[in-house]
Amino acid sequence: MNYWLMKSEPDEFSIDDLARRPNQTEGWHGIRNYQARNFMRDAMQIGDRVLFYHSSCKVPAVVGIAEIVSDIYPDASAWDPESPYFDPKSPQDSPRWLQRDIRFIKRFTRPVTLSAIKAHPGLADMLLVQKGSRLSIQPVSEAHWQLIHHMAGESL
DNA sequence: GCCAACGTTGGC
DNA sequence: GCCAACGTTGGC
């Protein structure tokens, strides 16, 4: 099993939105970065755990946990001219953009803020806090996973 | 709203 | 294949 961090802007789609979805599950569409797509396609597996991260908001933070619950499949929003994620260069017969379904597991009672992550020496090599790292889907080591849980006051 | 750090695009 | 111009991300 692998661990991941996935970013979402809470104004667009928050962890509470995820918790309110049917089956508490959402297709993670709209990824338009090749490196993030490749992680999803090649390295992710059903059952992998996800740190759900709120970005571009007042208090950026890991706010909870989700789980990967599907294989990879085409991101249909790339074919929808009405969608903000429309990509005219993604052929119908060879989809450029892909997605998986993720399911809500829990919301942290105590989110782990970006500033707390930056302040913790044990998390200094997290991809999230590397200079210029903008990846919206990134791998997380088991040590970092456990540390984040500890900081959130959650058991594993 | 600013802007640094990236990623992508397209002319050559 | 180079690289300038442009677009995006995301913290602050």
Peer 1: Say whether A/Asp101 and A/Tyr73, considering side chains only, have a donor N or O and an acceptor N or O under 3.5 Å apart.
Peer 2: yes
Peer 1: Run the salt bridge (Lys or Arg N to Asp or Glu O under 4.0 Å) test on A/Asp75 and A/Arg37 for me, step by step, so that the C-alpha distance in whole Å, both residues' side-chain angles and the decisive distance to 0.1 Å come before the verdict.
Peer 2: CA-CA 11 Å; A/Asp75 176 348; A/Arg37 181 204 65 184; over 6 Å; no
Peer 1: Treating primed atoms plus P, OP1 and OP2 as sugar-phosphate and everything else as base, which nucleotides of nucleotides 3-12 of chain C get B, S or - for protein heavy atoms under 4.0 Å?
Peer 2: ----BBBBSS
Peer 1: Classify the ring geometry of A/Tyr34 against A/Trp97: parallel below 30°, tilted from 30° to 60°, perpendicular beyond 60°.
Peer 2: tilted
Peer 1: Is the closest side-chain heavy-atom distance between A/Val50 and A/Ile65 below 4.5 Å?
Peer 2: no
Peer 1: Please list all pairs meeting side chain to side chain donor-acceptor pair (under 3.5 Å) that have one or both residues in residues 8-19 of chain A, counting only residues at least two apart or in different chains.
Peer 2: A/Ser14-A/Asp17, A/Asp16-A/Arg107, A/Asp17-A/Arg20
